[in-house]
Amino acid sequence: TSTPRLFSGMQPSADSLHIGNYVGALVQWRDMQRTHDAVFCVVDLHAITVPQDPAVLREQIRRTAAQYIAAGIDPSASTLFVQSHVPAHAQLAWVLNTITGFGEASRMTQFKDKASRQGTDAASLGLFAYPVLMAADILLYQTDHVPVGDDQKQHVELTRDLATRFNSRFGQTFVVPEPVILTEGARIYDLQNPSAKMSKSAVSDSGIVWLLDEPAKTAKKVKSAVTDTGREVRFDRGDKPGVSNLLTILSSFGGDSVPVLEERYAGRGYGDLKKDVAEAVVATFGPIRERALELLADPAELDRILSVNAARANEIAEATLADVYDRIGL
Ligand code: ADP
Ligand code: NA
């Protein structure tokens with residue numbers, strides 16, 4: 001009878017979100033607000049599992065929150081807050097650490113990837129325990145649905161295992177959440193290197209279109225996108241990764257399906273396609289960027305929104321944590 005609860009979050013790990021984050025997460029979050037009691041989090045405690053610059057992080061947290069709102073997350077209908085404003089995340093994570101097997105945590109493939117990039121000895125315990133903190137994020141809100149990219153699916157599986165284990169040892173406490181895998185068709189690739197996913201952590205940002213880029217810069221990046229040999233505008237991830245990526249972007253921003261677009265560009269060149277992609281992205285990102293900059297120009301108002309939302313989040317989270325402590329004898 002009640003509206004299902006949704007929880008999702010993103011790390012504040014760059015000054016701006018990019019087309020991939022927008023298409024692959026924000027647009028879908030925005031739509032799911034209609035069918036869910038939605039909780040959206042800026043997961044800053046996750047961001048410190050790799051080295052941070054404090055001043056930069058502080059700014060990135062605010063910018064991420066402003067971009068959620070500017071893109072259509074409604075902070076009066078949904079709960080939009082900063083993770084570190086709700087102490088129960090760290091508190092529940094500790095409890096869940098005590099029921100997580102060392103071997104179980106060692107099997108998380110994202111840790112292996114991230115740790116091997118840093119050198120396993122340099123990786124922190126925090127990075128190792130990242131999936132357990134993510135489980136705490138989700139379970140605190142008695143979440144039914146967790147929209148995630150498929151790279152996070154293993155973490156949601158762990159979350160389900162921990163919820164089930166806790167419930168069977170200590171009595172029914174947590175809702176066991178279901179993953180909602182965000183549409184794979186919406187995966188966006190780097191404009192300069194279309195075999196790699198567009199990512200905040202790319203070495204160079206020349207192939208990344210940031211939500212907060214100036215419109216002229218966005219247009220320039222799109223027009224300099226690498227394309228492929230031949231002249232035909234056709235979707236083919238293997239032979240035409242650059243053109244396929246542009247078609248995916250245009251389809252996501254303009255609403256027409258890829259086959260409809262292929263027909264529209266029959267007999268026309270890559271230049272026309274790029275021009276239209278640039279226009280479509282600028283038309284959507286322009287107003288979102290303006291709104292985000294407005295929010296950032298009024299820090300007191302942004303703080304007010306985040307503090308009202310943190311209070312709402314705290315109320316739910318503290319109730320869950322109190323139940324957990326009680327059940328385990330604390
Ligand atoms: P990044 O890889 O840039 O650091 P995150 O891992 O923080 O991005 O991802 C945040 C959200 O954005 C996730 O839900 C993820 O699925 C989505 N996302 C990130 N990059 C892309 C992309 N290139 N295409 C589609 N969705 C993406
Ligand atoms: Na990432």
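None of the values given here were measured: they were computed from a predicted structure. Counting starts at 1 for both ligands and their atoms, following the listed order.
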Handout entry: Lys NZ or Arg CZ of R237 over Y189 ring: under 6.0 Å, within 45°
Key = yes

Exercise for the section: Could you give me the CA-CA distance, side-chain angles and deciding distance for E279 and K275, then say whether salt bridge (Lys or Arg N to Asp or Glu O under 4.0 Å) is met? Expected result: CA-CA 6 Å; E279 264 172 30; K275 186 169 155 291; 3.7 Å; yes

Problem - Summary of ring pair (Phe, Tyr, Trp, His ring centres under 6.0 Å) pairs that have at least one residue in residues 228-255, sequence neighbours excluded - result: Y22-F253, F253-F285

Exercise for the section: Identify which of K200, H46, R187 has a heavy atom lying nearest to atom 7 (O) of ligand 1. Expected result: K200

Handout entry: Option nearest atom 2 (O) of ligand 1 (shortest heavy-atom distance, choices K197, M10, Q110)
Key = K197

Problem - D150, L26, N21: member with heavy atom nearest to atom 17 (C) of ligand 1 - result: N21

Handout entry: Step-by-step salt bridge (Lys or Arg N to Asp or Glu O under 4.0 Å) determination, R327 to D323
Key = CA-CA 6 Å; R327 286 177 184 281; D323 188 26; 3.1 Å; yes

Exercise for the section: Within a distance under 4.0 Å of any heavy atom of G149, pick out the atoms of ligand 1 and give their elements. Expected result: 16 (O)

Problem - For A25, the ligand 1 atoms whose distance to one of its heavy atoms is below 4.0 Å - result: 11 (C), 12 (O), 14 (O)

Practice task
Please confirm whether S201 comes within less than 3.5 Å of ligand 1 when only nitrogen or oxygen atoms on both sides are compared.
Solution key: no

Exercise for the section: Please list, chain by chain and in numerical order, all residues satisfying salt bridge (charged side-chain N to carboxylate O under 4.0 Å, His left out) with D161, sequence neighbours excluded. Expected result: none

Problem - Under 4.0 Å to a heavy atom of H18 - the qualifying atoms of ligand 1, by number - result: 3 (O), 20 (N)

Practice task
Output yes when the distance from some N or O of ligand 1 to some N or O of S199 is under 3.5 Å, and no in every other case.
Solution key: yes

Practice task
Establish, from distance only, whether the side-chain atoms of Q192 and S204 form a donor-acceptor pair under 3.5 Å.
Solution key: no

Handout entry: Y68 and F81 aromatic centres sub-6.0 Å
Key = no

Practice task
For ligand 1, find out whether one of its N or O atoms is nearer than 3.5 Å to an N or O atom of V148.
Solution key: no

